[in-house]
Number of protein chains: 2
Amino acid sequence: MRMAKGVEWALHTLLNLDMIGGGPVGSGQLAEAHGLSASYLNKQLQQLARAGLVVSVPGPRGGFRLARPLEAITLLDVVEAIEGSTQLFHCTEIRCCGKIGELSPPPTDTCAVNAAMRRAEEAWRQALAAQCLADIRGELDRVPMVRQVVRTVLE
Amino acid sequence: MRMAKGVEWALHTLLNLDMIGGGPVGSGQLAEAHGLSASYLNKQLQQLARAGLVVSVPGPRGGFRLARPLEAITLLDVVEAIEGSTQLFHCTEIRCCGKIGELSPPPTDTCAVNAAMRRAEEAWRQALAAQCLADIRGELDRVPMVRQVVRTVLE
DNA sequence: GGCTTACTACTCGGATACTGCTTGTCCGAGTTCAGGGGG
DNA sequence: CCCCCTGAACTCGGACAAGCAGTATCCGAGTAGTAAGCC
């Protein structure tokens, strides 16, 4: 049970896009900034574009730019954009299978195991939604040099 | 990012082991109760045994039985026993790679992105640790028939 | 009749294949820009 | 001198492989129970 590596890539890339300002930046440059695979990062950026977090500009001098300020992008937005779903536990209703399932009456309520796992996941989702990327940028700005470095690398 | 199916199997099996009472039950019977693969369920039970949630009894009339009451087994115990780790996000320190990494000074603090994800996961872990299997059994007992069915199936 | 002993059947336990998803790569569609030619 | 047209280069976008963790299976090690043989 590991989160896709693309989430980490997307988070850092979104932060970089914010520091550079408004102009679109190509996936090649963004990948080079952190030594990533350009094609694969491009794939993740397409996911972000579909989710409405970035907008893609085709053609030369094109690339990706933020669709909205970091204050309006939560960790949950990014995780859902990349992973597609934040549901960790998938109930297969095994309580209805096998000998126990045959002898038991068809259940009317939701599975208690499923409900308990859902409660825990909801706490995770809320914690993800409570943190926006602007908060992380705030921590990054404690070292003032990083902003300078990003602008130098991405021109 | 899906939780392993074995977690669901383990949770239902632990609940069944509690309803049956004290005697050890073989993985074959436990699997048949929910129409699962006996060999694979056995593998999960071994993980639970290593984690100290159940004790294994070898030989004929052997099997598995609970190592402690359901009040002392949390959802976190089960998830960690099966998954091995509850760390979803793995920071690969890409901030130190590529052009940005070369130009930036070696960081002293922990990655801000990593810290934010850890905070969210901690909320999940706490929600898992706050729920014990006895709570789930309490919900199951609302339908009094299930206890009867389990005892009939597992003899 | 009671004890010992060998055997059998049944269980866990770990080593061994298979499957699906994450990861990674490649090439085509579309667009902007530049340069040359014509009016 | 200005406008139009053609070409090229660069970008995104989706289709196509490789690697790995989760899934599933099988067979061997060990033990309790049983039944036969012996004292």
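Predicted model only: the values in this text are computed from it and were never measured. By convention in this document, chain letters (A, B, ...) are assigned in the order of the sequence lines, proteins followed by strands, and residues within each chain are numbered from 1.
- Here C:dT22 presents its P atom at 12 Å from CE of A:M3, a figure rounded to the nearest Å.
- Atom CE of B:M1 and atom C1' of D:dA21 are 15 Å apart (whole Å).
- Computed from coordinates, the B:K5 NZ to D:dA24 C1' distance equals 10 Å when rounded to whole Å.
- What separates CZ of B:R65 from P of C:dT11 is a distance of 17 Å, to the nearest Å.
- The two residues A:E8 and B:H90 make their nearest non-hydrogen contact at OE1-O, 3.6 Å.
- Against DNA chain C, the stretch residues 38-60 of chain B makes heavy-atom approaches under 4.0 Å through B:N42, B:K43, B:Q46, B:R50, B:S56, B:V57, B:G59, B:P60.
- Across all their heavy atoms, A:L70 and A:L14 have their closest contact at CD2-O, 4.2 Å.
- Rounded to whole Å, atom P of D:dG22 lies 9 Å from atom CZ of A:R2.
- Atom CG of A:L88 is separated from atom C1' of D:dG22 by 15 Å (rounded to the nearest Å).
- Between A:W124 and B:W124, the ring planes are tilted. Angles from 30° to 60° get that label.
- For C:dT11, the OP1/OP2 oxygens have no side-chain nitrogen or oxygen of B:S27 closer than 4.0 Å.
- Between A:P105 and B:M145, the shortest heavy-atom distance links the atoms CD-SD, 3.8 Å.
- The distance from atom CH2 of B:W9 to atom P of D:dT23 is 8 Å, rounded to the nearest whole Å.
- At D:dT23, none of the side-chain N or O atoms of B:S37 fall inside 4.0 Å of OP1 or OP2 (strictly under the cut-off).
- Closest of all the heavy-atom pairs between A:T86 and A:E121 is O-OE1, 3.7 Å.
- Proximity of B:D141 to B:R147: side-chain heavy atoms (C-beta onward) are separated by under 4.5 Å at one or more points.
- Straight-line distance from the CZ atom of B:F64 to the C1' atom of C:dT11: 9 Å, rounded to whole Å.
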